[in-house]
**Student:** 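Below are the structure tokens for one structure; questions will follow.
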Protein chains: 2
Amino acid sequence: MTRSPGVRKTTAELARDTLLSSDLCRGLDAALLTQLETIAQPQIFAANQLILRQGRVTDAIYLPCSGSQIVERSAAGGQRQVLAFLQRGDYLGFSTSNQFLYSARALEQSIVLRFPGRDFYALASTAPTLRDNVGQITNQVLARVLDHLFAIGQKRAHERLAFLLWQLWQRQAKDSQRATLELPMRRGDIGDYLGLTLETTSRAFSRLRKDDVIASEGRNRVQILDTEALGRLAEVE
Amino acid sequence: MTRSPGVRKTTAELARDTLLSSDLCRGLDAALLTQLETIAQPQIFAANQLILRQGRVTDAIYLPCSGSQIVERSAAGGQRQVLAFLQRGDYLGFSTSNQFLYSARALEQSIVLRFPGRDFYALASTAPTLRDNVGQITNQVLARVLDHLFAIGQKRAHERLAFLLWQLWQRQAKDSQRATLELPMRRGDIGDYLGLTLETTSRAFSRLRKDDVIASEGRNRVQILDTEALGRLAEVE
DNA sequence: CGCATGTTTGACTGTAGTCAAGATGTGTGG
DNA sequence: CCACACATCTTGACTACAGTCAAACATGCG
């Protein structure tokens with residue numbers, strides 16, 4: 001969210017930068033990049049606004065450019081499994097099913113690039129490199145879901161939370177040397193991501209605080225004090 | 001497992017039949033099918049034998065043709081998450097990571113078709129349809145893992161078991177009108193698939209028996225008595 | 001400031017895990 | 001073919017972790 005002071009990118013600029021540095025565009029030639037930019041539709045979603053709805057026909061894929069988003073699956077019984085927390089550079093909507101298998105919602109105001117499915121796949125059918133990149137991305141998603149499955153199936157409450165914080169840290173702050181994480185989601189969202197109730201999630205936060213693994217700065221920010229301990233709890237290889 | 005009496009297929013015949021009727025070969029022309037058959041290596045694994053090992057470099061993909069297999073991920077702490085139970089027509093090994101993210105083992109004696117990665121991807125690079133099929137399969141795998149994640153994250157013990165039995169029934173017996181399932185895996189394997197201990201898994205079986213949802217015939221066979229109840233517990237949409 | 005929303009904590013309950021014994025299959029050799 | 005030994009599964013008793021219900025505590029907003 002914070003940006004260098006004085007420099008304010010336009011939506012179009014931000015979207016363009018995100019697209020060009022994304023895995024989707026790795027190795028693509030200039031002509032193809034231009035075509036991709038042509039079919040891309042920058043969209044702004046307000047906090048809590050639905051980006052795509054579970055069960056609807058798959059009509060597009062999305063590339064988040066700013067803000068943060070949540071991907072979730074709901075069942076008739078009212079249960080909800082949060083499948084992912086997304087941010088700039090993640091992907092959304094790739095599927096060969098003709099219905100979306102999940103919903104996606106903006107957690108904060110977000111800029112998202114939308115690629116109409118028809119246009120995108122038409123383009124991909126002429127460009128093997130683009131198609132390869134889609135395959136790569138799908139495999140990355142699969143790898144992440146397998147990690148997630150392992151965490152939920154085998155770990156205890158505070159270890160599951162450590163797993164999530166580790167994931168977010170890898171993504172958000174690792175390169176920037178900072179050990180402070182933004183958590184735009186609520187405790188209930190985290191609980192539904194980890195297969196826990198919001199109360200148990202809160203207790204897991206308290207436990208990590210007590211053990212000096214993290215420190216809280218307000219509700220939506222945590223500082224990682226002991227990276228090694230966090231990694232041990234998360235049991236990342 | 002049971003086959004028409006008197007007719008005994010050779011390994012090569014069985015492998016060929018499985019390959020030709022697989023999603024992998026959907027829409028491929030005759031020349032390509034021949035090439036695929038040329039690079040395919042039929043292999044026989046004894047019960048409990050390792051097919052591929054977690055952490056090894058990805059050198060091949062596999063197509064199970066008979067028997068049943070288990071896919072699992074192990075962590076340093078000794079925990080194990082079973083990721084899938086495979087059988088004829090499933091897939092194994094697709095990945096863009098250069099290491100296998102899991103191990104696979106034969107549960108019973110199994111015939112498996114092996115496609116060396118180098119040969120397979122060389123072939124795929126010249127055949128868009130084959131490449132499309134790989135993408136489709138990866139997406140199917142992803143969809144299954146998302147179901148699995150939901151079950152482990154949100155369901156109670158006996159509901160998780162119902163989910164697995166439902167999955168196996170869909171795959172094994174639905175079309176053949178029979179409601180009898182073979183369970184070649186042990187209770188501990190099922191537990192590690194569902195994120196439960198083997199004792200809790202056993203109690204979940206007992207509960208489904210008590211509620212007349214299933215009946216057991218020996219240790220490795222169950223009969224589904226109440227399909228509707230099973231589906232309700234599994235909460236499949 | 002006061003209310004609404006979200007989080008933390010407490011007390012209690014319930015579900016699943018642990019440890020241990022007994023039952024049930026399964027395979028082998030006498 | 002039976003008896004025995006071993007694997008695996010089931011059940012019981014107890015424990016521990018997470019869920020539920022409820023109250024108190026923050027935080028942010030009009």
Side-chain angles (χ1 to χ4, degrees), chain A residues 1 46-48 70 77-82 105 107-109 151-165 181-211 214-222 233, chain B residues 46-48 70 77-82 107-109 151-165 181-211 214-222 233:
Chain A
M1 295 269 37
N48 227 31
I70 187 172
Q79 297 141 306
R80 178 181 72 136
Q81 177 64 46
V82 172
R105 222 165 19 87
L107 282 170
E108 323 164 278
Q109 180 173 305
I152 290 191
Q154 303 300 323
K155 291 178 195 298
R156 304 193 8 221
H158 68 287
E159 297 170 331
R160 296 188 204 181
L161 178 58
F163 163 76
L164 171 62
L165 295 177
L181 282 179
E182 297 291 335
L183 301 178
M185 69 294 283
R186 301 178 302 174
R187 294 292 184 265
D189 295 327
I190 294 177
D192 285 344
Y193 180 75
L194 300 174
L196 303 168
T197 59
L198 70 91
E199 294 95 330
T200 301
T201 304
S202 179
R203 282 185 237 271
F205 269 102
S206 301
R207 173 157 180 185
L208 293 185
R209 272 195 297 266
K210 184 175 70 63
D211 295 347
I214 62 171
S216 288
E217 302 170 7
R219 284 220 273 248
N220 297 318
R221 184 172 298 180
V222 297
L233 290 169
Chain B
N48 226 32
I70 187 171
Q79 297 140 307
R80 178 181 74 135
Q81 177 64 45
V82 171
L107 283 169
E108 322 165 277
Q109 179 173 304
I152 289 193
Q154 303 301 323
K155 293 178 194 299
R156 301 184 24 211
H158 67 287
E159 297 169 331
R160 295 188 205 181
L161 178 58
F163 164 75
L164 171 61
L165 295 177
L181 282 179
E182 297 290 335
L183 302 178
M185 70 294 283
R186 301 177 304 176
R187 294 291 184 265
D189 295 327
I190 295 178
D192 285 345
Y193 180 76
L194 299 175
L196 302 168
T197 60
L198 70 92
E199 293 95 331
T200 300
T201 305
S202 178
R203 283 185 236 271
F205 270 101
S206 300
R207 174 157 180 185
L208 293 186
R209 272 194 297 265
K210 184 176 69 66
D211 294 347
I214 60 171
S216 288
E217 303 170 6
R219 284 222 270 253
N220 297 319
R221 185 172 296 179
V222 296
L233 289 169

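Keep in mind it's a predicted model, so treat the numbers as computed, not measured. Residue numbers begin at 1 in each chain, while the letters A, B, ... track the order of the sequences. Only this structure's heavy atoms are used, side chains among them; waters, hydrogens and symmetry mates stay out.
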**Student:** Given atom CZ of B/Phe205 and atom C1' of D/dT11, what is their separation to the nearest angstrom?
**Tutor:** 16 Å

**Student:** It should be established whether A/Arg203 places a side-chain nitrogen or oxygen under 4.0 Å from OP1 or OP2 of nucleotide C/dT9.
**Tutor:** no

**Student:** Is the distance from OP1 or OP2 of D/dC9 to the nearest side-chain N or O of B/Ser202 less than 4.0 Å?
**Tutor:** no

**Student:** Indicate, with a heavy-atom threshold strictly under 4.0 Å, whether B/Gly191 touches base, sugar-phosphate, or nothing.
**Tutor:** nothing

**Student:** In whole angstrom, give the distance that lies between atom CD of B/Glu217 and atom C1' of C/dG25.
**Tutor:** 15 Å

**Student:** Calculate the interatomic distance between A/Leu107 atom CG and C/dT5 atom P; express it in whole Å.
**Tutor:** 18 Å

**Student:** How close do B/Ala151 and B/Arg160 get, counting heavy atoms only, and between which atoms?
**Tutor:** O-CG, 3.7 Å

**Student:** Can you find a side chain N or O atom of A/Thr197 that sits less than 4.0 Å from OP1 or OP2 on D/dG19?
**Tutor:** yes

**Student:** So, taking the atom named CZ in A/Arg156 and the one named CG in A/Leu233, what distance separates them when rounded to the nearest 0.5 Å?
**Tutor:** 9.5 Å

**Student:** To the nearest Å, how far apart are B/Leu198 CG and C/dA16 C1'?
**Tutor:** 13 Å

**Student:** Can you tell me if B/Gln154 uses its side chain to pair, donor with acceptor, with the backbone of A/Arg80 under 3.5 Å?
**Tutor:** yes

**Student:** Report, as yes or no, whether the 6.0 Å neighbourhood of atom CZ on B/Arg209 holds more than 12 heavy atoms from other residues, nucleotides or ligands.
**Tutor:** yes

**Student:** Between atom CZ in B/Arg186 and atom P in D/dC9, what is the gap in whole Å?
**Tutor:** 7 Å

**Student:** Could you please name the option among C/dG25, C/dA16, D/dA18 that lies closest to any side-chain atom of A/Leu196?
**Tutor:** D/dA18

**Student:** In whole angstrom, what separates B/Ile152's CD1 from C/dA16's P?
**Tutor:** 13 Å

**Student:** Report which part of the nucleic acid A/Arg156 touches: base, sugar-phosphate, or nothing (heavy-atom distance under 4.0 Å, all strands).
**Tutor:** sugar-phosphate

**Student:** Answer syn or anti for D/dA7, where the cut-off is 90° from 0 on the glycosidic torsion.
**Tutor:** syn

**Student:** Go ahead and name the base partner of C/dT24; Watson-Crick or wobble counts if both distances stay under 3.5 Å, otherwise write none.
**Tutor:** none

**Student:** Whole angstroms only, please: what is the CG-P distance between B/Asn220 and C/dG27?
**Tutor:** 10 Å

**Student:** Please classify the nucleic acid contact of B/Arg219 as base, sugar-phosphate, or nothing, using heavy-atom distances under 4.0 Å.
**Tutor:** base

**Student:** If I take atom CD in residue B/Glu199 and atom P in nucleotide D/dT10, what distance separates them, rounded to the nearest angstrom?
**Tutor:** 11 Å

**Student:** What pair of heavy atoms forms the shortest contact from B/Thr197 to B/Thr201, and how long is it?
**Tutor:** O-OG1, 2.8 Å

**Student:** OP1 or OP2 of C/dT8 less than 4.0 angstrom from a side-chain nitrogen or oxygen of A/Ser206, does that happen here?
**Tutor:** no

**Student:** Is the phosphate of C/dT8 approached by A/Arg209 (side-chain N or O, under 4.0 Å from OP1 or OP2)?
**Tutor:** yes

**Student:** Tell me which nucleotide, if any, is Watson-Crick or G-U wobble paired with D/dA7 when both distances must be under 3.5 Å.
**Tutor:** none

